[in-house]
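Whatever order the structure lists ligands and atoms in, that order sets their numbers, starting from 1.
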Amino acid sequence: MLMREAHCHIGLLGAAMALPTVTRCASVGEVLAMVGQLARKAKPGQWVRVLGARHQGWRERRWPTVGEMDAATAGVPTVVMSMDWHECVANTPAMTLAGLAPGARVGANGVVHVDANGLATGLLIEHAAYAAWESAPAAPAGALPGFVRAGLARYQELGFAEVHDLRTEPALAKALLEMDASGELARLGVRVAMFPLVRDLPEVFEMVAQAGGCGRLRVGGGKIFIDGTLNARTAATLQPCAEPIAGCTLGKMMVEPEEIDAQMRACDAFGLPMAAHAIGDRAVRAVLDSVARVRPATPGTRIEHCELIDPADVPRFAELGVTASVQPCHLLVDMPVLTRVYGHALHKVLPLRSLLASGLRAGSLVGGLVFGSDAPIVGPEPADSVLAAMTLGDGFASLNPGEAIDDATAWKCFAVG
Ligand SMILES: [Zn+2]
């Protein structure tokens, strides 16, 4: 069986693979020892950035304090990012260089966490976490091809023959076109489908034309963001979530329906389907409504993630020929937020069995049910999604037991159909 990764970020995966991780650390002490060692090796101006923190799994079940971080890292700006990229802990130099004041709000839902005395704890949430992360000096200009190579090599190792990149910046498209032209994609044995933001489609098409077309590379569609995420509580839902952020009781729609229609028509004009990031049931419905209005001539409109689908909308996927591109492996990390914040909607979590029963075909890119990982948000290992699809949970507990599918069907959702 040839396997397809239907949703990842190749360049980011390669970049993440080049960074150290604390995934093997079992305690706060081990994390501090690791960042301390990296800080001692850092050259002037360099930051220490590590990935993969899962503080619930550490002996102390807490993040390091800012005091502990400062003591361990001797003035070297340091950021320890959570495994799901939704929060991090930073030391004082990193927060200072990132301009993050105690208690500050950053972007739509970023918070610089403070203790009862109003002092920064080092914990940074959502946009505050990204702000600290991105304040480190950027990777050198020529680094991207190396990251892409590393990311694709990882997919080759896992046995994937096709990889879909779900937000292909023009710079990434350029790197991929060069790898295609030099025969490197052929040597890796992978085909790549690029999904630039709809606004970047003309530029990417121009690049493809100038390169004289592409062999193992293609433009797969245009990407659009309809809502936010569950962990950030910005996924657009039909009912209020239990712990809404101020002014976002039903999450957050990023675009008006007219804009979804317009972007769908723009993709259609390029002969491409639209791939819409929609996580909450309200966002999913907005995309289905748009398909019903626009009726694009190009088949294969995709809804990425659709982690919550209202029962009334389940049959509409097959009726409208819309593909559900889902990442069951996210349940392995999203179970706490789903039960705590979206407890009212657990019967809407990835209704895989009902989607297939209503006519979606496992592995098909038109009116299909396809699996991916969204790496590097989580790891790219397909077995994680298969396990999560078989339990609709983390392998131990299930969020939506009636909607689980068997392992053969789950693997078929990775098959190049
Ligand atoms: Zn993604």
**Request:** Give a yes-or-no answer on whether the side chains of S373 and E381 include a donor-acceptor pair shorter than 3.5 Å.
**Result:** no
**Asked** Quick one: side chain to side chain donor-acceptor pair (under 3.5 Å) partners of Q37, sequence neighbours excluded?
**Response** none
**Message:** Applying side chain to side chain donor-acceptor pair (under 3.5 Å), can you list everything that pairs with R167, at least two apart in sequence or on another chain?
**Reply:** E169
**Request:** Sort and list the pairs that fulfil salt bridge (charged side-chain N to carboxylate O under 4.0 Å, His left out) and have at least one residue in residues 306-327, not counting sequence neighbours.
**Result:** R285-D310, R285-D313, D289-R316, D310-K348, D313-R316
**Shell of protein N/O/S atoms around the Zn ion (ligand 1), taken as anything under 2.8 Å** = H7 NE2, H9 NE2, D374 OD1
**Prompt:** F160 ring centre to R191 NZ or CZ under 6.0 Å, with the angle to the axis within 45°?
**Reply:** no
**Message:** Does E243 have more than 12 heavy atoms from other residues, nucleotides or ligands lying within 6.0 Å of its CD?
**Reply:** yes
